[in-house]
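Only one structure is covered here, and it is reproduced in the block below.
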Amino acid sequence: MQEILKRIEKAHDFIQRQSNLKPQVAIILGSGFSGWISGLKQIFNLSYSEIPGFPTTSVIGHDGHLILADLEGFPILIMQGRFHYYEGLSMQELSIPVRVFKLLGIKTLLLTNAAGSINRNYTPGDIMIISDHINLVQNNPLIGPNAEDFGTRFPDAAKIYTNELQQIALLVSVKHGIRTHNGVYVFVSGPVFETPAEIRMMRTLGADAVGMSTVPEAITACHAGINVLGISLIANLASGMADHELTHEDVMKTMDQVSPKLHGILSELVLKLAALS
Ligand code: HPA
């Protein structure tokens, strides 16, 4: 834990030196959401490998950059590409970026991801605003000595996803003409996609969509008192629900098709979050 805290401090010191601006909103862009940054005015753009103490990522299609951008006068901190448990990083390492955000003064964190639909009423291209999650990975970033400077030993997880932010996201998403749901995200380790039997189990448990990210970051943010909004783009029908094989390429194809609409939603939503903070 001491080593992780040192890495958090190092990364914070380095990032803080890049700009005097004080962003209050951060966004982690999941696969398929990354194109959003191309239309933004960038203040700095750091490769994860340049940031002392930061983890580095290995997944193809997840280019890793920490960007400070100006969105109509609001500084916004953006992670383009995220870290995943399935890459072999420890849960404690996955906590580093969000804790660095906390030290930088972030109040609101928008987590985006691609997910597979478990709920039979969802179709690829829909959006699900995360109302709650189920952690099927029997591990989480708070295990180990408590990082007292960030939060309490036993945080309450009943309201990780801030209600008010969910309402705002719902209005913005519907306005942009995307079918939008409120649902429960179930976190799996991956990298193997689920079996059909696992998906049936998850449906019985009350999950609406499944993915391999977001929950470690949401738990870390909850512990640190950061407001969280989670948005899943439904990229595919979950295992066993479609009549063809499930591949990563399929997931990326759906993301590409809906990305123009997604970008519009993100711009409006992040602006609203910044104005609130
Ligand atoms: N399962 C797990 N993770 C995912 C999926 C899926 O079907 N689609 C996108 N990420």
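Sequential numbering from 1 along the given sequence is applied to the chain's residues. Note that ligands are numbered from 1 as they come in the structure, with each ligand's atoms numbered from 1 the same way.
Taking the six-membered ring for Trp and thresholds of 30 and 60 degrees, H181 and Y122 have nearly parallel ring planes, at less than 30 degrees apart.
Under the rule for a side-chain hydrogen bond (donor to acceptor under 3.5 Å, both in side chains), the partners of N113 that lie at least two apart in sequence or sit in another chain are T214, S232. Taking L171 as the reference, nothing meets the side chain to side chain contact (heavy atoms under 4.5 Å, CB included) condition, with sequence neighbours excluded.
Formation of a donor-acceptor pair under 3.5 Å by the R153 side chain with backbone atoms of E148 is not found in this model.
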Ligand 1 polar-atom proximity to protein (N/O, under 3.5 Å):
unit_1   : atom_1 : unit_2 : atom_2 : d
ligand 1 : 1 (N)  : E194   : OE1    : 2.8
ligand 1 : 1 (N)  : E194   : OE2    : 3.2
ligand 1 : 7 (O)  : N236   : ND2    : 2.9
ligand 1 : 8 (N)  : G116   : N      : 3.4
ligand 1 : 8 (N)  : N236   : OD1    : 2.7
ligand 1 : 10 (N) : A114   : O      : 3.4

Distance-only criterion, 3.5 Å: show the donor-acceptor pairs between side-chain atoms of residues 260-270 and protein atoms not counting sequence neighbours.
unit_1 : atom_1 : unit_2 : atom_2 : d
K261   : NZ     : G177   : O      : 3.4
H263   : NE2    : W36    : N      : 3.3
S267   : OG     : W36    : NE1    : 2.9
S267   : OG     : H263   : O      : 3.2
E268   : OE1    : K175   : NZ     : 3.2
E268   : OE1    : H176   : NE2    : 2.8
E268   : OE2    : K175   : NZ     : 2.8
E268   : OE2    : K272   : NZ     : 3.3

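Counting only heavy atoms from C-beta outward, the side chains of I160 and D132 never approach each other to under 4.5 Å.
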